[in-house]
Amino acid sequence: HKNHCFRCGTASLIEVEKGGIAVDICVNDACGAVHLDPGELEAILKDKTFIKAAKKAVDAIFQK
């Protein structure tokens, strides 16, 4: 289901993209799951700047 989290089932997925890698993150406060498509983990681990950018993007979402 488009934009539905596979873990909690809510329609709360957002897509964070950096360097051609798109990661789906659940913004449901009770969940926070990260969904990766095949091959994305390997690509992320090769690109250290992506990890920093993704963390910054997620942190910005949850700032109050």
Side-chain angles (χ1 to χ4, degrees):
H1 297 264
K2 182 110 172 108
N3 297 327
H4 280 78
C5 177
F6 299 112
R7 183 174 177 215
C8 70
T10 61
S12 56
L13 287 183
I14 63 161
E15 187 174 84
V16 177
E17 186 172 342
K18 173 71 175 163
I21 304 167
V23 176
D24 297 315
I25 300 171
C26 180
V27 294
N28 178 354
D29 287 337
C31 183
V34 176
H35 301 277
L36 301 174
D37 292 331
E40 287 181 340
L41 179 59
E42 292 82 5
I44 290 169
L45 293 175
K46 289 179 184 176
D47 184 359
K48 303 293 183 197
T49 59
F50 175 85
I51 295 170
K52 290 178 185 176
K55 182 182 180 322
K56 185 176 179 180
V58 171
D59 288 346
I61 292 167
F62 292 104
Q63 285 183 359
K64 295 183 182 198

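Every value quoted in this text rests on a predicted model; they were computed, and no experiment measured them.
Between A22 and E40 the shortest heavy-atom distance is O-OE2, 2.6 Å. The two residues C8 and C5 have their closest heavy-atom pair at N-SG, 3.4 Å. Contact between H35 and R7 at its shortest, heavy atoms only, is CE1-N, 4.0 Å.
Of the candidates V16, L13, L36, V34, L13 is the only one forming a side chain to side chain contact (heavy atoms under 4.5 Å, CB included) with D24.
Interatomic distance, CD1 of I21 versus CG of D37, reported as 11.5 Å (0.5 Å rounding).
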